[in-house]
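Every heavy atom of this structure was used, including side-chain atoms; hydrogens, water molecules and symmetry mates were not.
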Amino acid sequence: MKLNGLTALVTGGAAEIGAGIAERLAAEGMHVVIADLDERSGPGTAERIGGSFLRTDLAYPADVRAAVQAA
């Protein structure tokens, strides 16, 4: 299934399982916004898949709103 032109917001997508999900969505044609606290892995993962990274702490509603707006 190709999802060209759509955007996915992946929380916890900087590494491990979340990164795998982000990679798969990008492979299906989606632009992926990775929302994560991990500023060490997140930008590299986003760059590798052609997506974007946004440092996000889901404990803060303002961070959540910013992540949703970025997607």
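Across every non-hydrogen atom of S52 and H31, the tightest pair is OG-NE2, 3.3 Å. The two residues A22 and V32 make their nearest non-hydrogen contact at O-CG2, 3.6 Å.
Applying the salt bridge (charged side-chain N to carboxylate O under 4.0 Å, His left out) rule to pairs touching residues 49-71 yields E39-R55, sequence neighbours excluded.
Here the CE-CG distance, from M30 to L6, works out to 4.5 Å after rounding to the nearest 0.5 Å.
The shortest distance between side-chain heavy atoms of L25 and V10 falls below 4.5 Å.
Partners of A27 according to the side chain to side chain contact (heavy atoms under 4.5 Å, CB included) rule, which considers only residues two or more places apart in sequence or in another chain, do not exist here.
With hydrogens and angles disregarded, no donor-acceptor distance shorter than 3.5 Å links the side chain of T45 to the backbone of A15.
Looking at L37, D36, V64 one by one, the single match for side-chain contact (heavy atoms from CB on, under 4.5 Å) with L58 turns out to be V64. The side-chain contact (heavy atoms from CB on, under 4.5 Å) test with I34 is passed by exactly one of I49, T11, L54: I49.
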